[in-house]
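The next block holds one structure in the form of structure tokens; read it before the comments.
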Amino acid sequence: MTLIASHRGGSLEAPENSPTSFRHTAGLAVEQVEFDIHPTADGQIVVIHDATLERTTTGSGPVAARTLAELRAVTIKGTAADRIMTLPEVIELFRPTGIGLRMEVKSDEEHQPYPGLLEHALRLLDAAGMRGRTVVTSFLAPIVAEAVQAPGLLGRIWLVAPVVMDDAGLDGVVAVAEAHAIRHVGIRANRLDGRVLAHLRAAGLGVGAWAVNDADAVRRMLDLGVEVFTTDVPTMALVLRESRNKPAS
Ligand code: FE
């Protein structure tokens, strides 16, 4: 069965990476919740997509330049009073559910990895006994390689940006994965078809999709039988998956 991950808590159904979106997702029959992490200036980890505050909050400037107290003072746009969550808070929200964590390790404003971020996040997962329920993802192959070296994770997925596919080609993508001992890639849904899937699978890679955000894309990914996809419309995706699992009457 193709697994469904609620992307940023289902960002077309609720404001992304917010308490509201995560509570929404916690009530869904999805297998995973996707979220994004950045470090704070005072040694915490927060859950937010961008390296800067402007797009999704009332704040401004780089996330990593702010203390947790400063980050807590801003409101998440589209909500009445939602505050940015810490990684331990998101872990605790999902721990009692059957939902797995799909944690995207982000990079800084210059698209450089934050030193030690994954290692720190793993310690927090371990403190809650959640490492084995966590898939680590990143657009940066070296970060995924670090996750490959970390034992006990549920999975590690290299998110392949379309520009990387254009520049490197499929053989280049396979070569990068092999060089980093990466076994699973995530391809943007609009770049994934039967030919691409067959090529990657023939190279021994597991294949998932991301940005699966309308009914046509959901149906296409279910038809292709990808292992997993992230979607901003998890409720719709669940209905579509359920409808094809029903025996024809
Ligand atoms: Fe993400």
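- Nearest approach of Leu192 to Gly208, heavy atoms of both residues: CD2-O, 4.1 Å.
- Using a 4.5 Å cut-off on side-chain heavy atoms (C-beta onward), Leu101 and Val135 make no contact.
- For the side chain to side chain contact (heavy atoms under 4.5 Å, CB included) with Thr58, the lone residue among Val74, Ile76, Leu53 that qualifies is Val74.
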* Asked: Which is it for Gln32 and Ser6 under the side-chain hydrogen bond (donor to acceptor under 3.5 Å, both in side chains) test, yes or no, and what are the steps along the way?
  -> CA-CA 6 Å; Gln32 296 173 4; Ser6 179; over 6 Å; no

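- In this structure, a donor-acceptor pair under 3.5 Å is present between the side chains of Thr40 and Asp42.
- In this structure, Ile4 and Glu31 approach most closely via the heavy-atom pair N-OE1, 2.9 Å.
- Between the side chains of His184 and Glu227, not a single donor N or O lies within less than 3.5 Å of an accepting N or O.
- Salt bridge annotation for Lys77-Asp82: absent, with no cationic side-chain nitrogen under 4.0 angstrom from a carboxylate oxygen.
- Taking all atoms of both residues into account, the shortest heavy-atom contact from Asp214 to Met236 is C-SD, 4.1 Å.
- Defined by atom type and a distance below 3.5 Å, a donor-acceptor pair is present between the side-chain atoms of His7 and Asp232.
- Inter-residue side-chain proximity for Phe139 and Val105 is flagged as unmet; no heavy-atom pair is nearer than 4.5 Å.
- Both Leu93 and Val47 are members of a single hydrophobic cluster when ILVMFWY side chains are connected at heavy-atom separations under 4.5 Å.
- Leu159 and Val174 end up in different hydrophobic clusters when Ile, Leu, Val, Met, Phe, Trp and Tyr side chains are linked at under 4.5 Å.
- Atom NZ of Lys106 and atom NE2 of His49 lie 3.0 Å apart (nearest 0.5 Å).
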* To do: Give the intermediate values and the outcome of side chain to side chain contact (heavy atoms under 4.5 Å, CB included) for residues Phe35 and Phe22.
  => CA-CA 9 Å; Phe35 58 86; Phe22 291 132; 3.7 Å; yes

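- Salt-bridge formation is detected for the pair Glu89/Arg72: a Lys NZ or Arg NE/NH1/NH2 atom is positioned less than 4.0 Å from an Asp or Glu carboxylate oxygen.
- The pair Arg219-Asp216 meets the salt-bridge criterion, since a charged nitrogen lies less than 4.0 angstrom from a carboxylate oxygen.
- Of all heavy-atom pairs between Thr75 and Ala80, the closest is CG2-O, 3.9 Å.
- Met103 and Leu125 get closest at one heavy-atom pair: CE-CD1, 4.0 Å.
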* Under the side-chain hydrogen bond (donor to acceptor under 3.5 Å, both in side chains) rule, what do His38 and Asp108 come out as? Steps first, then yes or no, please. => CA-CA 8 Å; His38 290 267; Asp108 69 16; over 6 Å; no

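- Salt-bridge formation is detected for the pair Glu16/Arg55: a Lys NZ or Arg NE/NH1/NH2 atom is positioned less than 4.0 Å from an Asp or Glu carboxylate oxygen.
- The two atoms that bring Thr67 and Ala41 nearest to each other are N-CB, 4.0 Å, heavy atoms only.
- Counting only heavy atoms from C-beta outward, the side chains of Val30 and Leu238 approach each other to under 4.5 Å.
- Criterion: ILVMFWY side-chain heavy atoms under 4.5 Å apart, direct or through other members. Under it, Leu118 and Met130 are part of a common hydrophobic cluster.
- Residues Val136 and Leu154 are not in side-chain contact: their nearest non-hydrogen atoms beyond the backbone lie 4.5 Å or more apart.
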* Please lay out, stage by stage, how Arg183 and Glu178 fare under the test salt bridge (charged side-chain N to carboxylate O under 4.0 Å, His left out). => CA-CA 8 Å; Arg183 305 296 308 277; Glu178 280 175 357; over 6 Å; no

